[in-house]
Amino acid sequence: IQSFSEYSTSTNSALTVRMNELKSAWSIEDKKLRQSAINEAWNKYNKNIKSIHKEYTDDKKDIWDLYKKDHKNCTNPTDNN
């Protein structure tokens, strides 16, 4: 649950940053500078989201690995299954 909460918070933060950067970019009057700022905002957002998603995926994998290890160690030795 903690991992998902961190993922959700980080994603929300990334969206807020992107929104503010795009607002700022759209206020630029020069077309080339505006387009450059918009592209930069999107590139930073995409990089950030990929990083957040990778961290969340790694956390899930670690949690499942720990669960499988604990489950294996916790099984009843007299159980034939």
Side-chain angles (χ1 to χ4, degrees):
I1 293 174
Q2 179 183 355
S3 181
F4 182 77
S5 179
E6 290 173 6
Y7 172 77
S8 179
T9 301
S10 297
T11 301
N12 191 25
S13 177
L15 287 167
T16 302
V17 168
R18 182 193 66 182
M19 177 187 69
N20 291 332
E21 288 182 355
L22 286 173
K23 279 183 182 179
S24 179
W26 277 104
S27 68
I28 299 172
E29 291 186 23
D30 183 81
K31 184 179 179 180
K32 287 185 179 185
L33 292 176
R34 180 178 57 238
Q35 192 60 45
S36 176
I38 290 170
N39 287 338
E40 184 178 333
W42 274 104
N43 289 338
K44 284 169 49 177
Y45 168 76
N46 287 332
K47 183 178 178 182
N48 199 2
I49 286 295
K50 285 179 184 179
S51 172
I52 292 167
H53 185 70
K54 181 179 180 346
E55 184 176 329
Y56 176 64
T57 303
D58 291 346
D59 287 348
K60 281 194 319 183
K61 182 186 178 305
D62 292 344
I63 290 167
W64 276 108
D65 289 345
L66 179 62
Y67 168 78
K68 289 173 187 174
K69 180 182 173 188
D70 288 347
H71 180 70
K72 183 178 180 182
N73 292 334
C74 192
T75 57
N76 187 348
T78 61
D79 193 8
N80 291 332
N81 294 337

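- Pairing each heavy atom of Arg34 with each of Ile28, the nearest pair is NH1-O, 3.1 Å.
- Aromatic ring orientation, Tyr67 versus Trp64: perpendicular (interplanar angle above 60°, classes split at 30° and 60°).
- You'll find the side chain of Lys68 stays beyond 4.5 Å of the side chain of Lys72, heavy atoms only.
- Across all their heavy atoms, Ile52 and Ser10 have their closest contact at CD1-O, 3.5 Å.
- If you chain together hydrophobic residues whose side chains sit under 4.5 Å apart, Leu15 and Trp42 fall into the same group.
- In this structure, Ser36 contributes its side chain and Lys32 its backbone to no donor-acceptor pair below 3.5 Å.
- We find the NZ-OG1 distance between Lys50 and Thr57 to be 13.0 Å, quoted to the nearest 0.5 Å.
- Expressed to the nearest 0.5 Å, how far OG1 of Thr16 lies from OH of Tyr45 amounts to 10.5 Å.
- Rounded to the nearest 0.5 Å, atoms NZ (Lys54) and CD1 (Ile49) are 15.5 Å apart.
- Expressed to the nearest 0.5 Å, how far CG of Leu33 lies from CD of Gln35 amounts to 11.0 Å.
- With hydrogens and angles ignored, the 3.5 Å screen pairs no side-chain donor or acceptor of Ser13 with any backbone N or O of Thr9.
- Side chain of Asn12 to main chain of Ser8: no donor-acceptor pair is present (N/O by atom type, distance under 3.5 Å, no hydrogens or angles).
- Residue Ser3 comes nearest to Ile63 through the heavy atom pair CB-CD1, 4.4 Å, listed as atom of the first residue, atom of the second, then distance.
- Atom NZ of Lys60 is separated from atom CZ of Phe4 by 9.5 Å, given to the nearest 0.5 angstrom.
- With salt bridges taken as basic N to acidic carboxylate O contacts below 4.0 Å, none links Asp65 and Lys69.
- Distance CG/Asn43 to CG/Asn48: 12.5 Å, rounded to 0.5 Å.
- Here the side chain of Ser51 pairs no donor or acceptor atom with the backbone of Lys47 at under 3.5 angstrom.
- The minimum heavy-atom distance linking Lys44 with Glu21 is given by the pair NZ-OE2, 3.0 Å.
- Between the Ser24 side chain and the Asn20 main chain, no donor and acceptor come within less than 3.5 Å of each other.
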